[in-house]
Undergrad: 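The structure follows.
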Amino acid sequence: MKSSIPKSQFKNPVINWIDTRLPIFTAANEAVGTEHPTPKNLNYWWNFGSLAGVTLVIMIITGIALAMNYTAHVDHAFDSVERIMRDVNGGWLIRYIHMNGASFFFIVVYIHMARSLYYGSYKAPRELLWILGVVIYLLMMATAFLGYTLPWGQMSFWGATVITNFFSVIPFVGEPIVNWLLGGYTVDNPTLNRFYALHYLLPFVIAGVILLHIVALHRFGSNNPLGIDINNDKDMIPFHPYYTIKDFFGLAVFLAVFCIFVFFLPNFLGHPDNYVPADSMSTPAHIVPEWYLSPFYAILRAVPDKLLGVLAMFGAIGILFILPWLDRSPVRSAHFRPLYKIFYIIFIINMLGLGYLGVQNPEGIYIILGRVCTAWYFIHFLIVMPLLNIIETPMALPKSLSDPIFSSGSSGMAPAASRSKK
Amino acid sequence: MSKKKTRRDFIVIASYSMGAVGAGAAIWPIINQMNPAADTLAMASTEVNIGALEIGQALTVKWRGKPVFIRRRTVDEITETRNVAIDSLRDPQSDQDRVQKDEWLIVMGVCTHLGCVPLGQKIGDGKGEYGGWFCPCHGSHYDASGRIRKGPAPQNLEIPPYSFISDSVLKIG
């Protein structure tokens with residue numbers, strides 16, 4: 001019977017002994033090693049998944065260090081953060097890494113999502129992979145919001161007030177729910193304490209969902225810039241060393257840019273009002289969210305009705321969950337979709353526009369622009385995406401990654417429509 | 001093929017039900033601990049001396065951790081708020097229903113949209129287009145009766161429970 005136990009293939013006897021009993025080395029090798037076949041044509045847009053993972057690790061490590069010096073009490077929170085900045089050894093560095101790390105986490109994830117939108121990575125059979133990604137994105141927004149409350153500055157306090165008040169739109173039970181979330185009638189010490197506890201918890205929940213995200217990814221492997229299914233081994237290369245080295249190079253570039261912000265522009269992405277201690281009696285004249293929540297804030301403000309505004313804002317995120325079913329086109333990559341490519345660019349510009357409008361005063365032209373951009377956001381997903389499949393004629397798809405894409409003849413090409421029927 | 005209901009089915013259903021009730025009973029304290037605690041609930045009342053307030057002046061006091069706006073209104077403000085057609089309001093309410101004494105308007109200084117503190121109490125603050133308050137967060141305008149007139153807020157500024165102990169002392173809560 002003993003001979004039937006599968007032995008690990010690792011040559012190192014220690015690794016072999018462990019891996020036979022606990023196949024973690026085999027699992028790692030199949031996840032990011034030589035046993036993980038990857039399309040050979042992945043470009044640099046495919047770096048951002050691993051970058052996001054690295055950023056999460058940076059956030060957790062610096063976050064634990066900050067937690068060792070932070071005091072979650074309304075009387076001491078602001079001062080304890082200032083103490084971190086002035087007195088704690090290297091505290092300024094750790095906090096600036098954590099602060100800017102949040103922004104860079106969102107930059108990386110937004111690029112990661114934009115990549116998925118362009119190359120159709122959310123389409124069958126990767127719908128759940130995409131949905132898990134949206135779950136991670138939601139958890140990130142919750143974590144970032146909770147963390148932003150902790151320094152107990154003016155923006156912390158009023159951001160927490162505004163966002164918890166979203167729930168007051170729920171009919172009948174809205175007010176009790178807000179009081180339950182806050183632990184009182186206003187944002188106060190009970191609120192700060194629970195936000196701190198949850199801010200510490202959620203990153204580990206994110207890590208868990210990332211594991212599921214990776215399991216779902218490895219079921220069908222990475223999508224690729226051509227968006228076609230790969231049927232032959234010649235189009236695949238092992239993840240290690242080809243993409244480990246590419247990811248490391250991308251990481252170096254990312255860290256260089258990150259360091260410019262941490263060391264030279266540490267407060268560029270923040271808001272000066274958050275260096276004013278929280279005051280429950282006066283709201284800052286210009287209350288704005290952090291830049292990464294700004295597009296959704298713009299959508300909230302665009303609707304002149306409380307309930308509908310909050311619904312539009314949550315709907316804007318919720319709509320991402322059903323994206324794989326809104327886009328009916330069988331062709332994944334925008335490379336072969338001339339019309340989608342145009343609408344994709346419009347969508348990105350519109351999104352940047354919403355981000356800009358979210359930090360402007362809600363007056364005059366900004367209100368109108370906010371409404372136009374908000375309308376377009378929903379039109380893009382609910383009308384453009386489903387309709388494109390009907391009016392658009394995709395270009396011919398190559399049969400494999402090795403096929404020339406722009407050859408003079410059409411040999412080796414198959415019309416997109418016929419391919420999709422298989 | 002029709003399965004007969006047996007006593008075992010009953011036991012299974014009963015066991016699952018008891019399990020669910022038990023799980024709920026165990027989870028409830030964890031949920032409930034997040035509700036406002038007894039000390040938070042102990043609703044303190046605040047007494048305010050308003051004797052020094054001249055006509056047209058305003059005062060902000062803190063009650064239950066939130067600001068309360070007290071405004072001693074001018075005759076113009078009172079007549080203006082009473083000349084508004086009530087049907088035209090989003091949250092229809094006459095000014096008479098919102099005050100105990102014509103001159104004195106006492107409202108929560110909390111925007112009914114998303115809880116910001118509106119501007120209009122201090123000299124130099126913008127009072128919005130209707131001479132009351134203006135919320136800088138999302139642009140809600142309130143009139144001199146604290147009623148919502150323009151912007152995203154759904155309701156008029158809330159009126160806290162209060163009583164006049166004397167001509168110069170106001171008790172909130």
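Residue numbers begin at 1 in each chain, while the letters A, B, ... track the order of the sequences.
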Undergrad: Is a donor on one side and an acceptor on the other found under 3.5 Å between the side chain of B:S163 and the backbone of B:I165?
TA: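 Side chain of B:S163 to backbone of B:I165: no pair is present.
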Undergrad: Are B:E80 and B:Y130 packed together at the side-chain level, in the sense that at least one heavy-atom pair is separated by less than 4.5 angstrom?
TA: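 They are not in side-chain contact.
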Undergrad: Between B:Q93 and B:R98, do the side chains contain an N or O donor and an N or O acceptor separated by less than 3.5 Å?
TA: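 Yes - a donor-acceptor pair under 3.5 Å links their side chains.
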Undergrad: Hey, can you dump all donor-acceptor pairs under 3.5 Å between chain B and chain A, distances included?
TA:
residue : atom : partner : partner atom : Å
B:I31   : O    : A:W180  : NE1          : 2.7
B:M34   : O    : A:R194  : NH1          : 2.8
B:M34   : O    : A:R194  : NH2          : 2.9
B:K62   : NZ   : A:S280  : OG           : 3.3
B:K66   : NZ   : A:Y185  : O            : 3.4
B:T112  : O    : A:K306  : NZ           : 2.7
B:H113  : O    : A:K306  : NZ           : 2.8
B:L114  : O    : A:N165  : ND2          : 3.1
B:V117  : N    : A:T283  : OG1          : 2.6
B:V117  : O    : A:T283  : OG1          : 3.4
B:H138  : NE2  : A:Y297  : OH           : 3.0
B:P152  : O    : A:K306  : N            : 3.3

Undergrad: Pick one of side chain, backbone, both or neither for A:I367, based on which atoms fall under 4.5 Å of a heavy atom in chain B.
TA: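 Interface part for A:I367: neither.
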Undergrad: With respect to B:D102, which candidate in B:Q96, B:R73, B:R82 satisfies the side chain to side chain donor-acceptor pair (under 3.5 Å) definition?
TA: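 The side chain to side chain donor-acceptor pair (under 3.5 Å) with B:D102 is passed solely by B:R82 among B:Q96, B:R73, B:R82.
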Undergrad: For residues A:I319 and A:F378, report the shortest heavy-atom separation together with the two atoms involved.
TA: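 Taking A:I319 first and A:F378 second, the nearest heavy atoms are CD1-CD2, 3.9 Å.
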Undergrad: Heavy-atom pairs under 4.5 Å with chain A: which of B:C111, B:C116, B:G139 has the most?
TA: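 Result: the option with the highest number of such pairs is B:C116.
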Undergrad: Between A:V303 and B:P152, what is the shortest heavy-atom contact and its length?
TA: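 That would be O-CB, 4.4 Å.
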Undergrad: Any non-hydrogen side-chain atom of A:V209 less than 4.5 Å from a side-chain atom of A:L139?
TA: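 Counting from C-beta outward, A:V209 and A:L139 do come under 4.5 Å.
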